[in-house]
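Presented below is the structure to which this report refers.
Each chain gets a letter, A, B and so on, in the order its sequence line appears, and its residues count up from 1. Because only heavy atoms are used, hydrogens play no part in the values below, and waters and symmetry mates are left out as well, while side chains stay in.
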2 protein chains.
Amino acid sequence: MRPTIREVARRAGVSLITVSRVVNNSGYVSSETRARVEEAIQKLGYIPNNISRSLRLKKTNVIALIVSDITNPFWTTITRGIEDACHEQGLNVILCNTDESPEKLDEYVNVLLQKRVDGFLIAPTTDDTDTLISLVEQEVPLVFIDRHPQTIRASIVRGDSEVGAYKLTEYLISLGHSRIAILSGPEKASTSQQRTAGYKRACQMHQIAVDPSLIFCGEYNQEHGYHTTLNIFEQIHPKPTAIFAGNSLIAAGVFKAIYDLGLKIPADVSVAAFDDLTFRFTPEPFLTVVDQFPYQMGYTAAQLLLKQIGDQTKTTYEEIVLPVELIVRHSCRQV
Amino acid sequence: MRPTIREVARRAGVSLITVSRVVNNSGYVSSETRARVEEAIQKLGYIPNNISRSLRLKKTNVIALIVSDITNPFWTTITRGIEDACHEQGLNVILCNTDESPEKLDEYVNVLLQKRVDGFLIAPTTDDTDTLISLVEQEVPLVFIDRHPQTIRASIVRGDSEVGAYKLTEYLISLGHSRIAILSGPEKASTSQQRTAGYKRACQMHQIAVDPSLIFCGEYNQEHGYHTTLNIFEQIHPKPTAIFAGNSLIAAGVFKAIYDLGLKIPADVSVAAFDDLTFRFTPEPFLTVVDQFPYQMGYTAAQLLLKQIGDQTKTTYEEIVLPVELIVRHSCRQV
DNA sequence: CTGAAAGCGCTTACAG
DNA sequence: CTGAAAGCGCTTACAG
């Protein structure tokens with residue numbers, strides 16, 4: 001059984017209040033009293049109970065992070081940024097993986113609402129809206145990361161998908177490509193809408209006709225990249241000379257399909273993608289990408305959430321769009 | 001302000017106890033009463049406060065996970081296994097990154113002790129012993145993952161490093177290699193001791209002299225892999241024909257060094273490593289590895305911790321050694 | 001500079 | 001099947 005503040009008080013011959021003051025460094029305590037209390041704490045191995053503190057203060061210093069899968073390096077890196085920002089401010093983060101299941105999201109949100117976390121950082125997937133709406137209605141501090149569910153007005157930190165896609169497409173056009181397939185994400189996801197929009201804008205700006213049969217929406221996963229690429233090479237004529245993968249999972253699928261088709265990148269087809277994630281174990285990274293700086297994204301999102309937790313008074317809605325960067329490497333060639 | 005159990009009770013015309021019973025599904029409640037209470041809960045949007053519940057019950061249903069860096073795919077995958085196991089049992093996990101800093105470890109442990117987490121899952125680094133000893137003395141539920149700090153008796157779940165290293169070395173020997181450099185981890189880390197031991201045992205079993213100048217301890221990071229490999233190719237004669245990297249970070253450094261030296265794998269030198277982590281974005285994985293199944297490792301560790309949290313009575317010490325597997329690919333050649 | 005008392009929102013052993 | 005009362009371990013506004 002751990003000693004409580006009461007035992008410390010008894011041992012130091014003071015009241016509970018005084019002990020509370022020295023523990024929290026608040027209010028006046030004479031230095032002799034402080035010393036006595038500190039000695040008692042020491043001797044008893046007293047560890048303040050923050051459960052009761054939280055109950056009184058209605059503040060847990062814990063936030064919830066909900067992503068689809070921490071194992072996806074994009075989310076891993078975001079998570080690290082979040083944890084660092086929270087650690088600096090003395091908060092802890094509870095990690096949740098939903099695997100894109102609305103039921104798991106529900107479950108997590110319910111449990112964490114019961115645990116009275118101070119706020120939520122959520123990377124929403126397409127079909128989660130109901131639970132999220134209810135969070136917003138309850139005015140729980142909440143910031144979205146990366147994606148913005150349709151119709152929900154809440155704070156968000158995201159990369160500039162439109163501009164990123166524009167730059168990437170423009171780069172491909174500058175290499176002489178005019179038939180560029182884009183393997184985007186789900187039609188309803190704000191990120192894939194923005195990426196497709198950037199792609200279209202670049203085409204239009206450079207007098208290249210947008211061919212709707214080169215725009216493929218699908219999940220942000222390898223299967224989409226793989227099967228769509230196989231499809232493209234079987235059925236589309238004239239074949240595209242470049243493929244723009246909407247994220248790195250899709251890119252991995254594209255790579256595999258091209259490998260299985262016995263083709264070479266960039267000799268037979270140029271490939272570029274969103275998100276720069278394979279660098280860690282590659283001596284010489286190869287893929288041309290748009291980097292969204294996920295660490296910064298997580299860090300910024302956490303800071304925004306902490307700010308909102310700080311001033312609960314005004315329920316302000318804030319959208320932070322982070323700049324992205326085109327990193328040219330060796331997966332695209334001049335045609 | 002959220003409604004409390006008191007308001008629900010008033011609205012339903014029952015006592016607090018009764019509300020508590022229906023919320024927790026414990027004890028007898030007539031179905032009419034239950035219905036009335038449930039309606040009140042519904043109408044008020046009552047969300048039980050688990051802070052106060054935790055205070056009473058002395059149980060938070062939260063555990064702490066402390067790793068050096070979630071961004072390292074080995075830990076990412078372990079983390080996912082842990083989170084899944086905890087989620088199944090209704091616990092949440094707080095994620096902490098120490099960056100191998102003993103001070104950060106201290107800080108996290110103190111804060112989380114104050115938050116009264118139900119237990120700790122820790123991947124210790126070499127110099128953390130003091131804080132960890134104190135945790136063990138306090139009989140806080142604790143299980144180590146992957147590594148075992150010297151001198152501390154506590155539960156641990158780890159891969160079979162010795163056998164893994166033995167198999168990997170034996171495989172290299174079977175290809176005709178007799179000068180095999182091993183780039184192991186820190187001298188004091190149990191994992192690197194075991195890997196070095198497995199390496200030596202394999203050499204001895206196959207009548208190959210163990211050359212101490214081919215055994216390189218260092219950090220589990222890219223720098224060690226990089227600089228040691230450069231060193232090897234400048235200074236060691238006769239040169240080793242194979243390099244055994246102690247983990248995947250070291251392997252990445254080895255790869256980069258070999259690339260920078262203008263050499264090819266496996267034509268000029270064979271390379272094999274611990275941990276299979278690059279598969280995700282690679283259509284055709286190349287590196288021959290020992291897979292430690294980090295997902296399983298995390299899952300198992302969490303289960304062990306949850307078991308220990310369950311029966312607090314006996315402070316049993318348990319060591320679970322998980323089997324590992326040699327996965328032969330294309331980074332080693334016959335000599 | 002120090003303290004008495006109420007209260008944060010639950011649960012539980014006991015009585016009826 | 002239902003409830004009164006004590007208590008989990010803190011903090012705070014107020015008084016002295």
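B:P3 approaches B:G45 most closely through the heavy-atom pair CG-O, 4.0 Å. Annotation for A:D146 and A:T191: closest pair O-CG2, 3.4 Å, computed over non-hydrogen atoms.
Note: B:Y295 and B:Y299 have parallel aromatic rings, judged against thresholds of 30 and 60 degrees for the angle between ring planes.
Among the heavy atoms of the strands, none lies under 4.0 Å from A:N50. Looking at heavy-atom distances under 4.0 Å, B:S54 makes no contact with the nucleic acid at all. As judged by a 4.0 angstrom heavy-atom cut-off over every strand, A:V14 is placed among residues touching the sugar-phosphate backbone only.
Taking a pair as Watson-Crick or G-U with both hydrogen-bonding distances under 3.5 Å, the stems of three or more pairs touching DNA chain D are C:1-3 with D:14-16, C:5-12 with D:5-12, C:14-16 with D:1-3.
Along DNA chain C, the stretch of nucleotides lying under 4.0 Å from any heavy atom of chain B spans, 5' to 3', C:dG9 to C:dT12.
Rounded to the nearest 0.5 angstrom, A:N110 CG and A:T131 OG1 are separated by 7.5 Å. For the atom pair B:T129 OG1 and B:L105 CG, the distance stands at 10.0 Å (nearest 0.5 Å). Remark: A:E107 CD to A:T98 OG1 distance equals 11.0 Å, nearest 0.5 Å.
B:H148 is not listed as a side-chain neighbour of B:P124, based on a closest heavy-atom distance of 4.5 Å or more. B:K115 places none of its side-chain heavy atoms less than 4.5 Å from the side chain of B:V62.
Comparing A:L57 and B:I17 along DNA chain D, the residue whose closest nucleotide (by nearest heavy atom) sits nearer the 5' end is B:I17.
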